[in-house]
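Within every chain, numbering begins at 1; the chains are lettered A, B, ... in the order of the sequence lines, protein sequences first and strands thereafter. In this text, all values refer to a predicted model and were calculated from it rather than measured experimentally.
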Amino acid sequence: MTITLYNTLTRKKEAFEPLEPGVVRLYVCGPTVYSNAHVGHAMSSLVFDILRRYLEYRGYAVRHVMNYTDVDDKIILRAMHEERDPHELAEIYIREYDEHLRALNILPAHITPRVSQEMDEIVRTIQGLVDKGYAYPAGGDVYFRVQKDADYGRLSGRRLDDMQAGARIEVDERKEHPMDFALWKAAKEGEPSWGSPWGRGRPGWHIECSAMCLHHLGEQIDIHGGGNDLIFPHHENEIAQSESLTGQPFARYWVHNGMMQLSGEKMSKSLGNLVTIEDFLSKNEADVLRLMVLNSSYRSPLTFNDEVIEAASKGLERLRNGLRPAFPEAAGAPAETLKVLEEQARTTRAAFLAAMDDDFNSAGALGHLFDLVRAINTARDASATVAELEEAQAALRELTGVFGLRLEKLDGKADAAPFVDLLVQVRQQIRQEKLWALSDQIRDQLAELGVTLEDSKEGTTWRFSR
RNA sequence: GGCGACGUGGCCAAGUGGUAAGGCAAGGGUCUGCAAAACCCUGACCACGGGUUCGAAUCCCGUCGUCGCCUCCA
């Protein structure tokens, strides 16, 4: 079985074949750190986390690089407004984003370069482009010469002529062509700046990713990812820069996630329709957002509203319930039931792989996990023992693990388990004596303490509910 | 105006030629001292109009609608 994935460059699904067998060089565009990140940013990081986890599950060694853009107009502007140091400002949001990634159970990239720490590499990259005639200095700036790049526009499917037509491009006398873009910007008074052959200044937005890729992953990479709002101009320009410099294809596969939609519109800072990650996590578990992402195609817009959050939250609970143990007094399920369960575990694994191999169809794969959950619940109801449920639950745990779902939420509470067990045992006797008021009282009060009891014919089970 | 995507039951959403996965919600039922969970049952003329085909949600054309990019954006 091979993995196929949709390549924005060719606009079709292609069989995935890394440059070097067994190794995947993955570069994902990270955020510009000038304010609190919102759940749309989280969506992107989750999408590529799921992609990475799956590739690793399938045996690839993934080298994952995600950059932080910490030198940028917006950062400078904001820092000026707040009368503080731009580096300091960026640092705060980098640290915050790192914390979010941890909270969201997103595997950290192996390398997280920052623009401010890669200046030599960036300047060298620009110099290389100047040397080759793909870039030209102009009054302290350096611009990329788009007309020299024959296939400029091939990622986004645009032609230079079309773009000029209705576009709102500033007329700039220093540019040879209106679509030429800045590789280096001369410093203005009071801005952070670095030395370069063209005078003090700072890099343009696009060059950093080309330089960092080159530096950390080499001239060619396997997967380049990011939000689909980056296709043009950012990724288009990265291709132009990188390929002009090296003369080789840059990224083999371009993978783009869809945008988070809030009330029918793209969630974004400028529209003011956003929910910060912090805000979301203060009200919901991290797994809820992950499940929302999993439940739809990564390439499509993701609907974000209360109903969807609620549905994901309940779905999560259902997955969790699948992992709940057999009833205490389970006597063993009929052979027929166990056979069905075993069969379901097998087919679920296969179907899960088939779905994920098909361009990371996580929603399809998730559907199959729910089928397995039902089979497990049915077997449990039919009095299956812990041992009889084991294999199917192991499969469920393994596959939800591939998704990066944690499911268990007992951290730090496990110590309380023996005491709860004891209470439940005592209550069992109270119930046998039909002292319902007292037994209900125990159940209610435990619920308030975050322990849910559930009574059934085969005994009482309990779990931490928060 | 240019480029691109999408439109599947109340909501979210898989499915790209052989008559529709899954989750949530709703209604009915089973189990149960009650509650909860679980299980079973119920529900889709796949935006609309043409066309291709033995056969289309799935391919082609058109219409309408929504969204994204074209300026910073995950």
Side-chain angles (χ1 to χ4, degrees), chain A residues 8 11 28-32 34 37-48 66 69 72-74 77 153 156-159 161-170 179 205 225-234 236 256-261 264-271 291-292 294-297 299-319 321-322 324 327 351 355 358 361-371 373-374 376-378 380-382 431 434-437 439-440 443-444 447 452-457 461 463 465:
Chain A
T8 306
R11 290 173 203 289
V28 181
C29 284
T32 301
Y34 70 102
H38 57 70
V39 290
H41 298 111
M43 174 196 177
S44 190
S45 289
L46 282 165
V47 163
F48 289 100
M66 184 192 80
T69 299
D72 165 88
D73 288 356
K74 287 190 168 160
L77 209 64
S156 57
R158 293 152 208 262
R159 294 176 321 172
D161 301 343
D162 293 340
M163 282 188 283
Q164 285 176 76
R168 289 170 282 174
I169 308 164
E170 294 171 39
M179 293 306 292
W205 177 36
N228 68 14
D229 54 349
L230 296 182
I231 294 172
F232 189 90
H234 188 54
E236 191 70 72
H256 293 100
N257 64 275
M259 294 293 103
M260 184 79 92
Q261 303 283 123
E265 281 180 313
K266 172 184 167 185
M267 184 179 289
S268 77
K269 196 88 189 158
S270 48
L271 288 166
L291 202 68
M292 286 166 61
L294 287 166
N295 189 43
S296 75
S297 162
R299 287 194 275 136
S300 301
L302 179 60
T303 307
F304 185 93
N305 60 40
D306 289 342
E307 215 175 341
V308 167
I309 294 169
E310 177 67 14
S313 183
K314 292 283 181 58
L316 194 59
E317 208 50 46
R318 187 166 170 75
L319 288 175
N321 285 342
R324 285 165 68 183
F327 292 115
D358 181 12
N361 180 358
S362 57
L366 181 61
H368 295 120
L369 294 189
F370 280 115
D371 289 339
V373 167
R374 183 179 300 107
I376 291 169
N377 288 338
T378 299
R380 188 193 297 104
D381 278 357
R431 290 183 70 229
K434 299 195 192 296
L435 298 171
W436 305 126
S439 82
D440 287 355
R443 188 172 63 196
D444 293 346
T452 302
L453 299 196
E454 288 174 358
D455 301 318
S456 80
K457 207 160 53 174
T461 60
R463 64 202 152 101
S465 53

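Base pairing of B:rA37: no nucleotide in any strand meets the Watson-Crick or G-U wobble criterion (both distances under 3.5 Å). B:rG17 makes up no base pair with any nucleotide shown, lacking Watson-Crick or G-U wobble contacts both under 3.5 Å. B:rG4: Watson-Crick or G-U partner is B:rC67, with both key distances under 3.5 Å. Figure legend. B:rA26 is base-paired to B:rU42; pairs are counted as Watson-Crick or G-U wobble with both atom distances under 3.5 Å. In this entry B:rG62 has B:rC48 as its Watson-Crick or G-U wobble partner, both defining distances falling under 3.5 Å. Base pairing analysis places B:rA57 opposite nothing; no Watson-Crick or G-U wobble pair with both distances below 3.5 Å involves it.
Remark: A:A365 engages A:F352, A:A355, A:M356, A:F403 in a side-chain contact (heavy atoms from CB on, under 4.5 Å) (not counting sequence neighbours). With sequence neighbours excluded, the residues that form a side chain to side chain donor-acceptor pair (under 3.5 Å) with A:R158 are A:S156. Residues satisfying the side chain to side chain donor-acceptor pair (under 3.5 Å) test with A:D229, not counting sequence neighbours, are A:K266. Annotation: side chain to side chain donor-acceptor pair (under 3.5 Å) contacts of A:R374 (sequence neighbours excluded): none. A search for side-chain contact (heavy atoms from CB on, under 4.5 Å) contacts involving A:T452 returns A:E454, A:R463, A:S465, not counting sequence neighbours. Considering only residues two or more places apart in sequence or on other chains, A:H41 meets the ring-ring contact (aromatic ring centres under 6.0 Å, His included) condition with A:H38. A:P301 pairs by the side-chain contact (heavy atoms from CB on, under 4.5 Å) definition with A:Q261, not counting sequence neighbours. Partners of A:T461 under the side chain to side chain donor-acceptor pair (under 3.5 Å) rule, at least two apart in sequence or in another chain, are A:R324. Listed by chain and number, the residues in a side-chain contact (heavy atoms from CB on, under 4.5 Å) with A:K74 are A:Y34, A:D72 (sequence neighbours excluded).
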Summary of protein contacts for nucleotides 30-39 of chain B, nucleotide by nucleotide, where a base hit scores B, a sugar-phosphate-only hit scores S (4.0 Å, heavy atoms): --SBBBBSBS
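Between A:G157 and A:E236 the shortest heavy-atom distance is N-OE1, 4.5 Å.
Across B:rA21 and B:rA14, the matching C1' atoms stand 6 Å from one another, rounded to whole Å. The P atoms of B:rC59 and B:rU8 are separated by 15 Å, rounded to the nearest whole Å. Across B:rG43 and B:rG23, the matching C1' atoms stand 16 Å from one another, rounded to whole Å. Look at the P atom in both B:rC45 and B:rG10: the space between them is 8 Å, to the nearest Å.
The CD1-C1' distance, from A:I309 to B:rC11, rounds to 13 Å in whole Å. One can place CG of A:L366 at 17 Å from P of B:rC12, the figure rounded to the nearest angstrom. In this structure, A:I231 places its CD1 atom 19 Å from P of B:rC67, rounding to the nearest Å. Here B:rC67 presents its C1' atom at 12 Å from CG of A:L271, a figure rounded to the nearest Å. With rounding to whole Å, A:K314 atom NZ is found 17 Å from B:rC12 atom P. Summarising the geometry, the separation between CZ on A:F304 and C1' on B:rC11 is reported as 15 Å, rounded to the nearest angstrom.
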Is there any protein nitrogen or oxygen under 3.5 Å from a nitrogen or oxygen in nucleotides 8-10 of chain B, and what are the pairs?
none

Scan nucleotides 3-6 of chain B against the protein and return all N/O pairs shorter than 3.5 Å with their distances rounded to 0.1 Å.
| unit_1 | atom_1 | unit_2 | atom_2 | d |
| --- | --- | --- | --- | --- |
| B:rC3 | O2' | A:G157 | O | 3.3 |

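Closest to the side chain of A:N295, from the set B:rA13, B:rA74, B:rC24, is B:rA13.
For the atom pair CG of A:D371 and CD1 of A:I376, the computed distance is 11.0 Å after rounding to the nearest 0.5 Å.
The closest side-chain donor-acceptor pair between A:N321 and A:R318, if any, does not fall under 3.5 angstrom.
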